[in-house]
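Chain letters run A, B, ... following the sequence lines, proteins first and then strands; every chain starts at 1. These figures come from a predicted structure and were not determined experimentally.
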Number of protein chains: 2
Amino acid sequence: MNAKSPPIDAVRDKTTSATIVYQQLRQDILKGYLKPGQKLQIEAIGARYDAGANPVREALNRLSSERLVDRKDQRGFFVPPISLAELRELVKTRCWMESKALEESILNRTRKWEDDVVLAFHHLSRTPIRLPEEGGDNSEWEVQHRAFHNALLAGCGSSWLIGFCNEMMDHAERYRYISMVSSYPRRDSYLEHKLIMDATLDGNVEQAKEQLVAQYMLTLKLLEEQADKLRV
Amino acid sequence: MNAKSPPIDAVRDKTTSATIVYQQLRQDILKGYLKPGQKLQIEAIGARYDAGANPVREALNRLSSERLVDRKDQRGFFVPPISLAELRELVKTRCWMESKALEESILNRTRKWEDDVVLAFHHLSRTPIRLPEEGGDNSEWEVQHRAFHNALLAGCGSSWLIGFCNEMMDHAERYRYISMVSSYPRRDSYLEHKLIMDATLDGNVEQAKEQLVAQYMLTLKLLEEQADKLRV
DNA sequence: GTCATTTAAAAAATCTATGATTTTGACAAA
DNA sequence: TTTGTCAAAATCATAGATTTTTTAAATGAC
């Protein structure tokens with residue numbers, strides 16, 4: 001007697017409509033489909049993801065606590081703006097915290113953790129980088145890249161630190177997608193990550209941290225140049 | 001008719017019902033009025049703060065992204081449980097991150113920042129500690145205590161790091177309130193904080209970090225003893 | 001004529017109320 | 001003790017009502 005047929009025939013996961021909107025909206029912000037500074041109207045988002053105002057609102061409220069949307073009481077929600085100053089602060093903080101996490105991981109290292117790092121590196125090295133010039137979707141590489149860096153942190157012994165680093169990875173990813181940094185040819189992704197992994201497996205804490213920071217600083221430099229070009 | 005005369009300053013930020021519930025609920029969780037593990041029923045919370053289901057849900061969703069409530073899809077919201085293991089991880093991470101922040105603050109130190117630290121210490125030293133045995137409300141001391149530690153971090157140059165540290169301060173505060181640690185007579189709060197401040201103003205990075213960590217480890221030790229007593 | 005202020009209409013956000021789906025807990029039977 | 005069914009309760013979602021903000025035009029002053 002239910003005139004309302006279940007809209008989804010797939011086996012009902014324990015996800016709610018709000019969670020689905022949350023995940024999709026999050027992806028669209030990270031990948032730059034929604035532009036920085038853009039207003040996020042409840043109704044428009046509801047139409048985009050086929051959901052009501054209430055689930056949309058819940059998703060937006062969750063994202064606002066992760067700094068992935070700006071919330072202004074009585075005035076709505078917005079995609080956070082970007083700026084070079086913000087990016088520099090972000091990279092600086094990532095260097096501090098991921099260095100610390102990597103250091104702790106190395107100090108506590110176990111066989112299992114080392115295996116995970118090796119495997120993550122292997123998968124990353126097998127994933128080709130798709131350049132924006134070719135209209136390529138590089139999201140698969142982003143996934144593997146992130147998995148590798150997460151493997152490095154995984155042994156640090158603090159879910160707090162891991163969570164914070166992941167929050168910052170989200171934002172760094174957004175900057176990369178928005179800038180569509182086409183400078184990958186100018187760097188050797190394989191070598192960069194191999195240097196980090198080798199120092200890590202050697203138990204050389206200082207070297208590993210140095211290589212990690214070097215990689216992030218290089219990415220920052222390329223993004224800064226990209227921004228300069230766009231400004232001119 | 002000219003009742004409209006609000007100064008230019010920012011009363012611009014009008015609060016919504018969801019924000020009010022958010023703030024009150026947050027306080028009640030931090031102060032332990034809502035017990036760890038307890039279920040947070042939408043209707044009950046709505047009655048408690050005189051609000052509808054919708055604002056309550058939005059507040060809960062915001063808090064869930066700060067780890068101040070656990071959210072389980074289709075099953076509701078809960079006050080996060082507490083455990084010694086969790087507390088140890090929290091304190092460990094605080095030591096890492098606040099040490100780093102303090103180090104950076106000292107390296108970048110300015111006259112203004114030093115003045116703020118001195119002032120915050122002065123206010124803290126003037127605020128009496130109200131012991132739970134006397135049924136005292138110690139929240140004023142908690143406010144000043146937090147302000148002092150925030151003053152130390154304020155110069156680190158990373159709003160990310162400051163934000164993360166504050167998120168962890170919230171959780172540490174909850175553990176203190178819940179444990180109602182009555183061990184304050186056994187420590188000299190004034191001296192402990194003075195040692196941190198003196199080393200800080202001297203520009204002695206190592207000493208300052210050491211004192212900061214020592215204070216957090218002592219608090220952890222007292223909380224652990226408290227937990228032991230409760231277990232017996 | 002240009003600029004600032006006021007007023008009114010439209011749009012958007014927020015909240016309330018109601019109905020539907022899912023989970024939970026009790027109770028009975030094997 | 002375990003399993004299965006059913007009723008009660010809670011979450012989730014929709015739709016409509018109520019502020020609040022925004023937009024735009026109109027008025028008035030310089």
Asker: What's A:L60 touching, base or sugar-phosphate or nothing? Going by heavy atoms closer than 4.0 Å.
Answerer: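 Nothing: the residue A:L60, judged by heavy atoms under 4.0 Å, touches no strand.
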Asker: Any sub-3.5 Å donor-acceptor pair from B:S105's side-chain atoms to B:L153's backbone N or O?
Answerer: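 Indeed, once roles are kept as given, a pair shorter than 3.5 Å links the two residues.
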Asker: What integer distance in Å separates A:F78:CZ from D:dT21:C1'?
Answerer: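 It is 11 Å, rounded to the nearest whole Å.
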Asker: Should A:R71 and A:D73 count as an ion pair when the cut-off is N to O under 4.0 Å?
Answerer: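 Looking at A:R71 and A:D73, the cut-off is met.
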Asker: Salt bridge or not between A:K31 and A:E142? Use side-chain N to carboxylate O under 4.0 Å.
Answerer: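 No salt bridge links A:K31 with A:E142.
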Asker: By ring pair (Phe, Tyr, Trp, His ring centres under 6.0 Å), which residues pair with A:Y49, not counting sequence neighbours?
Answerer: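 Listed in chain order: nothing, the list is empty.
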Asker: What are the atom names and distances for every N/O pair under 3.5 Å that joins the protein to nucleotides 15-17 of chain C?
Answerer:
| residue | atom | partner | partner atom | Å |
| --- | --- | --- | --- | --- |
| C:dC15 | OP1 | B:S17 | N | 2.4 |
| C:dC15 | OP1 | B:A18 | N | 3.4 |
| C:dT16 | OP2 | B:G52 | N | 3.1 |
| C:dT16 | O4 | B:N54 | ND2 | 3.3 |

Asker: Can you tell me which nucleotide in D:dT11, C:dA13, D:dT21 comes closest to the side chain of B:I42?
Answerer: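 Between D:dT11, C:dA13, D:dT21, the one nearest the side chain of B:I42 would be D:dT11.
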Asker: Specify the separation, in whole Å, of atom CZ of A:R75 and atom C1' of D:dT19.
Answerer: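 For the pair A:R75 CZ and D:dT19 C1', the rounded distance is 16 Å.
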Asker: What is the distance, to the nearest angstrom, from the OH atom on A:Y22 to the C1' atom on D:dA13?
Answerer: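 Rounded to the whole Å, the gap is 20 Å.
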Asker: Indicate whether OP1 or OP2 belonging to C:dA12 is found under 4.0 Å from a side-chain N or O atom of A:Q41.
Answerer: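 True: A:Q41 side-chain N/O within range (under 4.0 Å) of C:dA12 OP1/OP2.
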Asker: Can you tell me the distance, in whole Å, between the CZ atom of B:R71 and the C1' atom of D:dC12?
Answerer: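 Interatomic distance, CZ of B:R71 to C1' of D:dC12: 13 Å.
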Asker: Flag the pair A:V143 / A:T127 as yes when at least one side-chain heavy-atom distance between them is below 4.5 Å, and no otherwise.
Answerer: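 Not touching, per the 4.5 Å side-chain cut-off.
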Asker: Measuring to OP1 and OP2 of C:dA13, would you say a side-chain N or O of A:K39 lies under 4.0 angstrom away?
Answerer: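 Yes, such a contact exists.
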Asker: Parallel, tilted or perpendicular: which one describes the rings of B:H193 and B:H149, with boundaries at 30° and 60°?
Answerer: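 Answer is perpendicular, since the angle exceeds 60°.
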Asker: Quick test of your reading of the model: are B:D170 and B:R146 salt-bridged, counting only N-O distances below 4.0 Å?
Answerer: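 Salt bridge present between B:D170 and B:R146.
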Asker: Taking the six-membered ring for Trp, are B:H145 and B:W141 parallel (under 30°), tilted (30 to 60°) or perpendicular (over 60°)?
Answerer: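 Geometry flag for B:W141 against B:H145: parallel rings.
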Asker: More than 12 heavy atoms of other residues, nucleotides or ligands under 6.0 Å from CD of B:Q27: yes or no?
Answerer: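 For B:Q27, atom CD is crowded (more than 12 foreign heavy atoms under 6.0 Å).
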Asker: Could you state the CD-P distance from A:Q74 to C:dA13, rounded to the nearest angstrom?
Answerer: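 Rounded to whole Å, this separation is 11 Å.
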Asker: Calculate the interatomic distance between B:K72 atom NZ and D:dA10 atom P; express it in whole Å.
Answerer: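 The distance from NZ of B:K72 to P of D:dA10 comes to 17 Å, rounded to the nearest Å.
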Asker: Separation of A:F77 atom CZ from C:dA13 atom C1', in whole Å?
Answerer: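 Taking atom C1' of C:dA13 as the reference, CZ of A:F77 is at 9 Å.
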Asker: When you compare the protein's N or O atoms with those of nucleotides 6-8 of chain D, which come within less than 3.5 Å of each other, and at what distance?
Answerer:
none

